[in-house]
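Atoms within each ligand, like the ligands themselves, are counted from 1 in listed order.
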Amino acid sequence: MVQLVDSDIKTREVLGWKGVHILHFMGSSCSQKLRIFLNLKGIPWESHLVDLFTNENFRPWFLGINPRGLVPVLVHDGAVHIESNDIIAYLEKTFPTPKLIPAGHENEVAALLKHEDDLHLDLRTLSFRFVFNPPGPPKPAEALQSYAASGSGTVQGLQDREKQVQIEFWQRAAKEGFTDERARASAQKFRAEFDALDKRLAQQPYLMGNALSVLDIAWVIYAHRLSLGGYPIARLHPRVGVWLDNLRARPEFAKEIGMPPEAMQRLETTRSAQVQAGKTLEMVAGF
Ligand SMILES: N[C@@H](CCC(=O)N[C@@H](CS)C(=O)NCC(=O)O)C(=O)O
């Protein structure tokens, strides 16, 4: 569990927040995962939007809450929790029904979710290349300077390296873009993962057995995002395709992953340009 300690938190007002507060962004995959979990649990919560497009997460106020500068964040009765999978594990313990982590499988689920989180920068690479496709550097140098300079820089009282990993990711993106080579490598990792999920779904309706769990939520989000980027899920992993379509049609999922019409329009334009250039995800990955 990553619950911050007092010295990590510089934005002191959150210490007085009562109830469940979530700092999040509509289009963020980790925020979508957490919101779907909250919907399925029926937990009431208060929303605080942090706009990643305008780099609100790199400003001192937000870094004073999460020194890593990432969403989502949970503040529960003044206690600050970061890392989406840890937030979910904490909420599962605090609000035990309905169960979304099968009893007796807590460690297995935690390990599988850690594995999913380890692919986050691969998802980001493919999202920025094939879905968001910004015209220039995704994060301006001034925003990165504010990111580097703000917040306590510590997590649980210890100097934390994660912010530096993030800054290096954005600096490299500014320098070289999201190259074919990196996109291909990331897409191949997902192909191996989805092959494994397809095998699981040959035996059972959900990834952990007969009941929906957090693992389904986490992987639906990834599969959905990649399908928006043109990953041929149904062709390469037919069972994952059916499972994805069924789950993302449920209202608890659908309302969190829907895109506004302008964003859909932008994505259409991006897709057409990629088709014309022979640079769709399928083509670049060689699928
Ligand atoms: N391991 C973290 C990853 C969180 C993460 O990377 N969040 C993304 C959004 S999905 C973010 O805040 N990105 C910052 C940005 O785009 O500037 C978690 O699971 O909470």
Side-chain angles (χ1 to χ4, degrees), residues 1-4 8 22-38 48-75 80-92 109-129 131-134 136-148 150-151 155-156 160-174 178 186 214-215 217-226 228-229 256-257 259 263:
M1 301 278 169
V2 186
Q3 180 180 339
L4 298 186
D8 300 332
I22 306 289
L23 295 102
H24 65 118
F25 180 62
M26 294 316 290
S28 127
S29 58
C30 297
S31 303
Q32 292 172 339
K33 173 175 68 178
L34 177 58
R35 294 197 305 267
I36 293 168
F37 175 86
L38 290 160
H48 303 260
L49 286 173
V50 178
D51 190 343
L52 300 188
F53 286 157
T54 58
N55 304 312
E56 243 183 286
N57 56 319
F58 295 162
R59 301 207 191 114
W61 184 83
F62 182 71
L63 281 151
I65 303 170
N66 182 357
R68 291 185 175 164
L70 299 171
V71 292
V73 174
L74 161 72
V75 181
V80 181
H81 300 259
I82 61 169
E83 291 299 325
S84 58
N85 291 330
D86 291 320
I87 293 172
I88 284 174
Y90 166 82
L91 288 170
E92 177 79 4
V109 169
L112 291 166
L113 288 177
K114 155 103 181 51
H115 185 60
E116 170 257 1
D117 186 48
D118 288 343
L119 292 166
H120 194 80
L121 292 183
D122 292 294
L123 184 77
R124 195 186 281 169
T125 295
L126 295 172
S127 297
F128 271 82
R129 172 75 191 259
V131 183
F132 309 140
N133 190 36
K139 304 285 178 183
E142 317 83 77
L144 292 179
Q145 270 158 23
S146 166
Y147 190 17
S150 310
V155 167
Q156 297 181 322
D160 188 56
R161 237 199 77 70
E162 182 59 30
K163 183 162 78 170
Q164 195 48 37
V165 171
Q166 299 288 326
I167 291 174
E168 283 164 17
F169 178 91
W170 296 121
Q171 283 173 335
R172 197 180 59 220
F178 299 96
S186 294
V214 291
L215 207 63
I217 305 175
W219 278 104
V220 158
I221 295 299
Y222 275 21
H224 171 69
R225 172 65 63 75
L226 292 170
L228 286 178
E256 303 306 344
I257 58 181
M259 294 217 310

Show me which atoms of ligand 1 lie under 4.0 Å from any heavy atom of D117. 1 (N), 2 (C), 19 (O)

As an exercise, identify every atom of ligand 1 less than 4.0 angstrom from a heavy atom of E83. 1 (N), 2 (C), 18 (C), 19 (O), 20 (O)

Shortest non-hydrogen contact from [X] toward [Y]:
X: L63; Y: S146; result: CD1-O, 4.1 Å
X: D117; Y: Y222; result: CA-OH, 4.1 Å
X: G69; Y: N57; result: O-ND2, 3.0 Å
X: K163; Y: S150; result: NZ-O, 2.8 Å
X: P134; Y: F128; result: CD-O, 3.7 Å

What part of [X] sits under 4.0 Å from ligand 1 if we count only heavy atoms: the side chain, the backbone, both or neither?
X: F58; value: side chain
X: W170; value: side chain
X: N57; value: side chain
X: R124; value: side chain

Mark yes or no for whether D160, through its side chain, and V155, through its backbone, hold a donor-acceptor pair below 3.5 Å. no

Taking the side chain from Y147 and the backbone from R68, do they hold a donor-acceptor pair closer than 3.5 Å? yes

Looking at ligand 1, does any of its N/O atoms fall within less than 3.5 Å of an N/O of N85? no

Considering both backbone and side-chain atoms of S29, is one of its nitrogen or oxygen atoms within less than 3.5 Å of a nitrogen or oxygen in ligand 1? no

Can you pull out the closest protein heavy atom to [atom]? Residue, atom name and distance to 0.1 Å, please.
atom: atom 12 (O) of ligand 1; result: V71 N, 2.9 Å
atom: atom 19 (O) of ligand 1; result: S84 OG, 2.6 Å
atom: atom 3 (C) of ligand 1; result: C30 SG, 3.9 Å
atom: atom 10 (S) of ligand 1; result: S28 OG, 3.3 Å

Closest to atom 11 (C) of ligand 1 by heavy-atom distance, out of L123, L70, L121, D51, is L70

Could you check whether any side-chain heavy atom of R35 comes within less than 4.5 Å of a side-chain heavy atom of P72, counting everything from C-beta outward? no

Would you say the side chain of L121 lies within less than 4.5 Å of the side chain of V165, judging by non-hydrogen atoms? yes

So is K139 in contact with ligand 1, going by heavy-atom distances below 4.0 Å? yes

